[in-house]
Amino acid sequence: MKAVTIKRSPSGTAVGISDLPKPELKHDTDVIVRVLSVGLNGTDREIIQEGYGAFPQGEDEMVIGHESLGVVAEAGKHSSFKKGDLVTALVRRPCSDPACVNCRNGRADFCETGAYTERGIKGAHGFLSEYYAEDARYLVAVPKEAAAFGMLAEPQSIVEKVWDQVQRIQQRLVWEPKTAFILGSGPLGLLAAMTCRSLGLDTFVWSKSEETSLQAELVRRIGAHYRQADALKDGFAEQTLRLKEYAETIGRRVDLMFECTGYSPLAFEAMEVVGANGVLALLGVTPGNTMLNISADQLNKELVLENKCILGSVNASRKDFETGIYRLQQIDRQFKGVLGQVITDRMSLEEVHSIDFKRVEIKAVADVVPPSQWESLISPEEAARYSFSV
Ligand code: BGC
């Protein structure tokens with residue numbers, strides 16, 4: 001079967017297409033999934049271009065891709081799935097340390113040892129291949145109605161984990177959030193903005209994309225406010241002060257912030273912008289060694305005296321995937337067609353190795369099976385089998 005892999009050789013690493021053996025059922029709980037579509041994100045770009053990630057132990061090749069949508073091709077008899085079920089898969093697999101209470105309790109996203117693996121990213125093959133095998137416990141059912149945007153379940157799970165954590169944290173007080181601020185208008189920023197809108201929050205998005213960009217248009221379509229970060233030429237570096245100024249012009253307490261750019265100086269400015277009793281979630285990273293000159297006493301004072309909470313968050317749990325699939329359906333109903341517009345660049349598996357990430361408008365997706373053929377592979381009874389309780 002065909003797979004997109006990153007390969008290590010004496011001359012460096014390179015992305016290409018490999019012919020790998022089709023996986024087989026080995027256990028009663030295993031499932032063989034035929035891959036329909038795989039989303040590509042900044043982590044894939046870093047794996048392809050910057051050597052991020054880690055090969056499976058003892059191997060010089062790794063199948064990439066971690067945002068998957070597929071259909072069950074073969075189901076082990078104790079898997080609880082059947083042929084034709086639409087599924088996505090969790091990314092992270094637990095470490096093997098018996099002392100890691102989080103991995104031992106289904107929360108590998110809070111692994112304490114760092115020895116977890118992540119399919120398509122760290123030490124395990126990903127999903128950008130014609131088929132993959134997986135233990136049923138790491139698969140999540142996707143209703144048929146969500147097929148068109150099912151590959152967004154993984155990035156949406158990242159947003160859901162934050163919202164879930166924020167609700168737990170904010171039980172520390174009586175919290176009635178009204179205003180959200182999103183930094184960045186990439187796929188994650190847009191999903192965060194849509195989620196905040198569907199939660200009824202007045203939402204502001206601050207990003208480098210131009211006011212006339214599709215990103216800005218989508219933000220406005222969902223009833224959120226868009227503001228382009230001013231000094232375009234030098235990225236955010238030139239304008240970190242202006243985020244604060246912009247926030248001041250709005251004149252409202254910012255209750256919840258999602259930092260989705262990964263530009264660390266902006267994360268520090270966001271700490272000043274988030275309001276009293278509010279939460280700032282940091283979701284992005286970029287490689288580098290940026291040094292900052294900050295007013296540490298002032299920042300420390302604000303964090304303490306205003307009960308501010310700064311939350312770092314990575315990866316997500318099964319529950320976050322399930323809530324995410326539910327939320328995507330809600331967003332799709334509330335803002336018709338918007339999720340489809342987030343997926344701007346579609347390509348075949350064969351085209352992935354020549355992807356130019358700089359040219360991707362918002363979100364790139366690799367269709368392993370052309371969407372016109374999906375319907376024939378998805379079981380007709382599938383839709384009725386799942387109901388989501390959130
Ligand atoms: C993925 C996460 C993963 C993280 C770190 C992100 O792109 O969405 O699932 O945990 O990269 O590897």
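Computed from a predicted structure; not experimentally measured. Read the numbers this way: they start at 1 and go in the same order the structure lists the ligands and their atoms.
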**Q** Has Arg93 got its NZ or CZ under 6.0 Å from the middle of the six-membered ring of Tyr138, at an angle within 45 degrees of the ring axis?
**A** yes
**Q** When you check the side-chain N and O atoms of Glu61 and Thr5, is any donor under 3.5 Å from an acceptor?
**A** yes
**Q** Among all protein heavy atoms, pick out the one at the shortest distance from atom 11 (O) of ligand 1; state its residue, atom name and that distance to 0.1 Å.
**A** Thr43 OG1, 3.3 Å
**Q** Tell me the protein heavy atom at minimum distance from atom 12 (O) of ligand 1, and give that distance in Å.
**A** Glu118 OE1, 2.6 Å
**Q** At less than 4.0 angstrom from any non-hydrogen atom of His66, what atoms of ligand 1 do you find?
**A** 1 (C), 7 (O), 8 (O)
**Q** Counting non-hydrogen protein atoms only, what is the nearest one to atom 8 (O) of ligand 1? Give residue, atom name and distance.
**A** Glu154 OE2, 2.9 Å
**Q** Mind checking whether Phe204 and Tyr246 have parallel, tilted or perpendicular rings, split at 30° and 60°?
**A** perpendicular
**Q** What part of Asn41, side chain from CB on, backbone N/CA/C/O, both or neither, has a heavy atom under 4.0 Å from ligand 1?
**A** side chain
**Q** Any idea which atoms of ligand 1 are less than 4.0 Å away from a heavy-atom of Ile121?
**A** 11 (O), 12 (O)
**Q** Going by atom types alone, do Gln334 and Gln330 pair a side-chain donor with an acceptor below 3.5 Å?
**A** no
**Q** If the threshold is 4.0 Å, N to carboxylate O, is there a salt bridge linking Lys82 and Asp85?
**A** yes
**Q** Identify, by atom number and element, the atoms of ligand 1 in contact range of Tyr52, meaning under 4.0 Å from any of its heavy atoms.
**A** 5 (C), 12 (O)
**Q** Do NZ/NE/NH1/NH2 and the carboxylate oxygens of Lys178 and Asp255 come within less than 4.0 Å?
**A** no
